[in-house]
Each structure stands twice: as C-alpha cells, then as structure tokens.
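What you see is a predicted model, and the numbers here were worked out from it, not measured in a lab.
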Amino acid sequence: SKSKKYMKISKAAVMKDSKMIGEVESDEIRGYLWCLGKVGSTILVAENEEFNANVEIIKSKSGYKAELKDDGTIDVTVSVKAEGMVGQLTGGYDKPGEKILVKMENACASVIREEILKTFEALKKYNADYIGIASYLNKHSHDKWQEYKSTNDGKDYLSKININIT
C-alpha cells in the first residue's frame with residue numbers, strides 16, 4: 001500500500017513591500033486559512049478540565065465579510081462551520097454521550113476562535129493586510145473605501161478592526 005506523506009508548516013513569513021517584516025506561528029497560519037475558507041483536513045486538539053480530544057476536521061466552510069462603519073471602524077465577521085471526527089479521546093468517559101459531544105464542539109469552537117483572533121493580532125502587530133480586507137472593502141464598498149483610505153484613519157485601518165466570529 002502507498003503511504004501518505006504529510007508536511008506541517010510551523011511558521012510563515014509576513015511580507016510587506018517585498019520585505020520580510022515578521023513571522024507567524026502555525027496556529028496563526030491556520031487562523032488565516034479559516035478566514036479565507038481554505039482549511040482542508042486538519043487536526044484540532046480540543047481540551048477542557050474533563051477531557052483531551054484530537055478531532056480531525058473533515059469538512060469545513062468558512063470565510064469573512066468586512067463592513068466599513070460611519071465611525072471609521074471596520075467590522076469583520078468570520079463565519080466558520082466545521083465537521084469533524086474524534087480520533088482520540090482521553091477522559092470524559094463517565095459523561096453521557098451527548099453532553100460530552102457538546103462540550104467537545106464548544107472546545108473545538110474555542111480553538112478555532114483563538115486561532116482567528118491570533119491571526120488578527122498578528123495582522124495588527126505587523127500592520128500587514130495579508131488577509132485582504134482592503135481589497136474586500138474596495139470591491140464591496142468602493143466609493144466609501146476610497147474616501148476613507150485617503151484620510152488619516154484610512155492609513156491605520158487595521159487598528160480599527162472589530163472581530164466577530166460565528
């Protein structure tokens with residue numbers, strides 16, 4: 001039988017104006033992929049005080065929308081729907097099935113949420129829009145975005161992002 005080969009990327013460079021300005025870790029990379037809807041099969045380590053589970057994400061649909069508000073803030077909503085299979089479970093055996101599954105789903109949602117939040121923290125830290133928020137706003141709110149980016153607020157738009165994850 002053929003064995004599958006896997007590659008894990010542990011860090012990625014953050015580029016701006018053709019120069020490396022920093023690097024992001026694997027969880028920030030996966031947060032980036034959640035935002036763009038590009039997460040393929042992956043393993044989440046979901047844990048709480050009762051259990052530790054490795055959950056293989058087998059199907060997901062995700063993406064983001066951005067809205068430029070009148071007060072100069074930018075609301076970014078990242079939506080994620082994911083399906084997974086429990087590959088390994090430690091603890092939680094004395095809990096009824098449905099209760100442990102709900103807790104596992106909540107733990108997975110927390111992991112995904114943290115990864116997305118870390119991605120936006122890095123985005124702001126490096127002042128690098130590698131997710132493409134400016135392009136999204138230019139496409140969906142062209143006139144308003146063009147007017148906004150010519151102001152002082154527009155030059156520092158990444159610091160004005162509010163994140164909502166659903």
Side-chain angles (χ1 to χ4, degrees), residues 3-47 52-84 87-88 107-166:
S3 65
K4 292 184 180 182
K5 296 185 181 196
Y6 296 94
M7 179 173 70
K8 180 178 179 181
I9 299 173
S10 60
K11 291 187 180 184
V14 177
M15 307 293 289
K16 188 172 182 180
D17 300 325
S18 301
K19 294 180 183 153
M20 182 177 161
I21 58 171
E23 59 188 25
V24 291
E25 302 289 330
S26 59
D27 51 353
E28 294 160 325
I29 296 167
R30 193 160 56 184
Y32 163 81
L33 295 172
W34 286 118
C35 291
L36 298 183
K38 304 246 183 216
V39 171
S41 178
T42 189
I43 305 289
L44 294 181
V45 178
E47 51 192 0
N52 182 319
N54 289 346
V55 178
E56 181 182 3
I57 301 300
I58 56 174
K59 183 178 177 184
S60 68
K61 183 177 180 181
S62 59
Y64 76 91
K65 292 184 179 184
E67 181 183 3
L68 178 57
K69 305 300 252 182
D70 290 336
D71 66 359
T73 59
I74 299 171
D75 287 351
V76 177
T77 301
V78 181
S79 301
V80 178
K81 290 185 190 285
E83 293 179 24
Q88 179 180 351
C108 286
S110 291
V111 170
I112 294 168
R113 179 178 186 74
E114 272 304 305
E115 290 174 347
I116 293 169
L117 290 174
K118 284 181 179 180
T119 298
F120 278 92
E121 287 171 14
L123 196 95
K124 291 176 181 184
K125 174 183 173 183
Y126 295 117
N127 195 28
D129 185 6
Y130 50 85
I131 290 177
I133 293 165
S135 296
Y136 181 96
L137 290 170
N138 192 51
K139 181 178 178 180
H140 295 281
S141 304
H142 180 75
D143 293 341
K144 191 174 182 180
W145 173 247
Q146 291 300 316
E147 182 181 328
Y148 176 78
K149 77 175 195 174
S150 68
T151 67
N152 284 335
D153 281 347
K155 292 174 178 61
D156 190 27
Y157 69 95
L158 292 174
S159 68
K160 298 181 179 53
I161 292 176
N162 300 314
I163 313 293
N164 181 32
I165 302 167
T166 62

Which atoms form the tightest heavy-atom contact between [X] and [Y], and what is the distance?
{"X": "E28", "Y": "A122", "value": "OE2-CB, 4.0 Å"}
{"X": "V111", "Y": "A46", "value": "CG2-CA, 4.4 Å"}
{"X": "D27", "Y": "E115", "value": "O-CB, 3.4 Å"}
{"X": "C108", "Y": "V55", "value": "SG-CG2, 3.7 Å"}
{"X": "E147", "Y": "S150", "value": "O-OG, 2.8 Å"}
{"X": "L158", "Y": "D129", "value": "CD1-N, 3.8 Å"}

**OP:** Sort out for me which residue in I131, N164, I165 forms a side chain to side chain contact (heavy atoms under 4.5 Å, CB included) with Y64.
**Re:**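 In the set I131, N164, I165, the residue that makes a side chain to side chain contact (heavy atoms under 4.5 Å, CB included) with Y64 is I131.
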
Subject >> side chain to side chain contact (heavy atoms under 4.5 Å, CB included) partner of R30, the single match among T119, I116, L44 >> reply: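 The option that passes is L44.
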
Is the number of heavy atoms from other residues, nucleotides or ligands under 6.0 Å of [X] [atom1] greater than 12?
{"X": "Q146", "atom1": "CD", "answer": "yes"}
{"X": "K59", "atom1": "NZ", "answer": "no"}
{"X": "K118", "atom1": "NZ", "answer": "no"}
{"X": "K155", "atom1": "NZ", "answer": "yes"}

Polar side-chain atom of [X] near backbone of [Y] as donor-acceptor pair, under 3.5 Å:
{"X": "Y136", "Y": "E67", "answer": "no"}
{"X": "D17", "Y": "K19", "answer": "no"}
{"X": "K124", "Y": "I161", "answer": "yes"}
{"X": "K144", "Y": "L68", "answer": "yes"}
{"X": "K16", "Y": "N127", "answer": "yes"}

Could you tell me the separation between the [atom1] atom of [X] and the [atom2] atom of [Y], rounded to the nearest 0.5 Å?
{"X": "K160", "Y": "I133", "atom1": "NZ", "atom2": "CD1", "answer": "13.0 Å"}
{"X": "K81", "Y": "I112", "atom1": "NZ", "atom2": "CD1", "answer": "12.0 Å"}
{"X": "Y126", "Y": "M20", "atom1": "OH", "atom2": "CE", "answer": "8.0 Å"}
{"X": "K149", "Y": "N138", "atom1": "NZ", "atom2": "CG", "answer": "6.0 Å"}

Subject >> pair Y130-V24: side-chain heavy atoms closer than 4.5 Å >> reply: yes

**OP:** Check whether any side-chain heavy atom of L123 sits under 4.5 Å from a side-chain heavy atom of F120, and report yes or no.
**Re:** yes

**OP:** Take the angle between the ring planes of Y157 and W145 and call it parallel below 30°, perpendicular above 60°, tilted in between.
**Re:**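 Rings of Y157 and W145: perpendicular, over 60°.
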
Original post:
Between S26 and S10, is any side-chain donor less than 3.5 angstrom from a side-chain acceptor?
Top reply: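 No - no donor-acceptor pair under 3.5 Å links their side chains.
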
